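Each ligand, and each atom within it, is numbered from 1 in the order the structure gives. This one's a predicted model, so the numbers in the text were calculated from it and none came from an experiment.
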Amino acid sequence: MKVIDLRSDTVTKPTTKMREVMAYAEVGDDVYGEDPTINKLEQKAAELVGKEAALFVASGTMGNLLAVMTHTQPGNEIILGKNSHIFQYEVGGLAKLAGVQARTLDDSEGIFSTKDLLSAIRGEDIHYPESGLVCLENTHNKAGGVAIPKNKIDEISKTAHQHNIPVHLDGARIFNAVTELEEQVIDLVAEVDSVMFCLSKGLAAPVGSILAGTQEFIDKARKNRKMLGGGMRQAGILAAAALVAIEEMIDRLALDHDLAKKLAEGIDSKVVTLESVNSNFVILKVNEQLYDTKGLITELDRKGIKVSQFGSDLLRVVTHKDISKEDIDRVIDIFSEL
Ligand SMILES: Cc1ncc(COP(=O)(O)O)c(CN[C@H](C(=O)O)[C@H](C)O)c1O
């Protein structure tokens, strides 16, 4: 039976073209800055998001950790959403490895308010840590893949900058955000100081993310990456696939969003109701009178459908390039039969 894997867009497999270019990639020792394919990727990625420089890293988590480490000093307090990926799902790296404490704000709608930000920014007081960084996320995972409009990103960034605090954007799915908002990515990230975006999710590269910012910031982040053991040698093999990801896989994200909408509109089931659909995320609420959520996930898995648990009675369904229209039709049928 064919498995329809809707757990996440992290499961995307590289395209045939990615595998071909990986095989013939021109490589060198990237620790010495001599991998031509990495250099080309970092230059193109920086241009793509309108920043001075960019760094190829192993994962989105590493990119976010490097941003926190590089913007802050140990002992700083960083301000971020209580539902942010950096706070919820990055293993406490900001405390253990960056030595900062988290000040969380309500980002249930995908971003916190300027009012809440102002109340969290530390003033001068002998008792206070310094507010060292503000982190945002777009699209926002725990808010259901919601895209945050430019004006909200800019408003928070402006307020942070008025208090000399830098802003990092966790843009793991920033290209899903621009697809949803029909914005240019350069405009959407213009006011943030650093942005991380994932190559290995909707863009389907096998590995990696990009961290972009000023040249000075990226030079420091590169050194921090080396300290974390993230200096890579002939990484052009991975960069070749990443170049295909940014050159060819951004425009097709609209297809994933269309399939998410198709699923949301087609769901007609006694066991789940539609909670939300944003970008490539569909959130379903389980009727716990009929199924407990974990039991339903197991039953779906038995039928060849993989989904994620997203809350006590919520499922997350994420569409991506390896999901077809026919797959979505089958998922709708299976839910209607349950
Ligand atoms: C907003 C955001 N920022 C960062 C990351 C981390 O990226 P990786 O470290 O997995 O490459 C993720 C991954 N998200 C993954 C998923 O959604 O399946 C899991 C939860 O880690 C993310 O959603």
Trainee: Taking all heavy atoms of Gly145 and all of Ser279, pick out the closest pair and write down the distance.
Mentor: O-OG, 2.7 Å
Trainee: Which protein heavy atom lies closest to atom 11 (O) of ligand 1, and at what distance to 0.1 Å?
Mentor: Gly60 N, 2.9 Å
Trainee: Which atoms from ligand 1 have a heavy atom of Thr61 less than 4.0 Å away?
Mentor: 6 (C), 7 (O), 8 (P), 9 (O)
Trainee: In terms of atom number and element, which parts of ligand 1 are under 4.0 angstrom from non-hydrogen atoms of Glu90?
Mentor: 4 (C)
Trainee: Would you kindly confirm whether Met196 and Phe217 end up in one hydrophobic cluster when ILVMFWY residues are joined by side chain heavy atoms under 4.5 Å apart?
Mentor: yes
Trainee: How close does the nearest protein non-hydrogen atom get to atom 3 (N) of ligand 1, and which residue and atom is it?
Mentor: Asp170 OD2, 2.7 Å
Trainee: Starting from atom 6 (C) of ligand 1, find the nearest protein heavy-atom neighbour and note its residue, name and distance.
Mentor: His85 CE1, 3.4 Å
Trainee: Quick one: nearest non-hydrogen protein atom to atom 10 (O) of ligand 1, plus distance?
Mentor: Lys201 NZ, 3.8 Å
Trainee: Please determine, by modelled atom types, if Asn138 and Arg173 share a side-chain donor-acceptor pair under 3.5 angstrom.
Mentor: no
Trainee: Are any of the N/O atoms in Ser200 less than 3.5 Å from those in ligand 1?
Mentor: no
Trainee: Look at the rings of Phe310 and Phe281 and say which category their plane angle falls in: under 30° parallel, 30 to 60° tilted, over 60° perpendicular.
Mentor: perpendicular
Trainee: What are the atoms of ligand 1, with element, lying closer than 4.0 Å to any heavy atom of Ser59?
Mentor: 9 (O), 11 (O)
Trainee: Of the non-hydrogen atoms in Ala177 and Leu188, which two are nearest, and what is the gap between them?
Mentor: CB-CD2, 4.0 Å
Trainee: Can you list the atoms of ligand 1 that are under 4.0 Å from a heavy atom of Arg316?
Mentor: 16 (C), 17 (O), 18 (O)
Trainee: Out of Glu137, Gln88, His140, indicate the one that has the non-hydrogen atom closest to atom 1 (C) of ligand 1.
Mentor: Glu137
